[in-house]
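Okay, structure first, notes after.
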Amino acid sequence: MRITVDADRCVGAGQCVLSAPEVFDQDEDGLVTLLMAPGAQEEAKARLASGLCPSRAITVHED
């Protein structure tokens, strides 16, 4: 699994951080940042965060 984020699309809703705080954070403007590639234990949370993102700023790429 690979995750990409598009801060230009982000609206700062914060659902990603609430769903997967190990993987995502928000910068000083409230926009999504990727902290790390999700490990096996974080994959389900990362997928949930992608699905909850209202602006579709998070994309999950299945390798």
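Heavy-atom basis, side chains included; hydrogens, waters and symmetry copies ignored. By convention here, the first residue in the shown sequence is residue 1.
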message = Using the rule that Ile, Leu, Val, Met, Phe, Trp and Tyr join whenever any side-chain heavy atoms are under 4.5 Å apart, tell me whether Leu18 and Ile58 fall into a single cluster.
response = no
task = Please assess Glu42 against Met36 for the test side-chain contact (heavy atoms from CB on, under 4.5 Å), listing each intermediate value before the final yes or no.
result = CA-CA 10 Å; Glu42 293 88 21; Met36 62 177 236; 3.7 Å; yes
query = Where do Gln26 and Val17 come nearest, in terms of heavy atoms and distance?
reply = CG-CG2, 3.7 Å
inquiry  = Minimum heavy-atom separation for Arg56 and Gly51, please, with both atom names.
reply    = NH1-O, 2.9 Å
ask   = Is there a donor-acceptor pair under 3.5 Å between the side chain of Ser19 and the backbone N or O of Leu48?
value = no
message = Treating Asp29 as the side-chain partner and Leu31 as the backbone partner, does any N or O pair qualify as donor plus acceptor under 3.5 Å?
response = no
key: Note, Met1 side chain near Pro38 side chain (heavy atom, < 4.5 Å)   = yes
ask   = Going by heavy atoms in the side chains, are Val23 and Leu35 under 4.5 Å from each other?
value = no
key: Partner residues of Val11 under the side chain to side chain contact (heavy atoms under 4.5 Å, CB included) criterion, sequence neighbours left out   = Ala13, Pro54, Ser55
request  = Starting from the C-alpha separation in whole Å, work towards a yes-or-no answer on side-chain contact (heavy atoms from CB on, under 4.5 Å) for Leu34 and Phe24.
outcome  = CA-CA 5 Å; Leu34 185 63; Phe24 303 102; 3.8 Å; yes
query = Would Arg47 and Glu62 pass as an ion pair if we require N to O under 4.0 Å?
reply = yes
inquiry  = With side-chain contact (heavy atoms from CB on, under 4.5 Å) as the test, pick out the partner of Ser50 among Thr4, Val60, Val5.
reply    = Val60
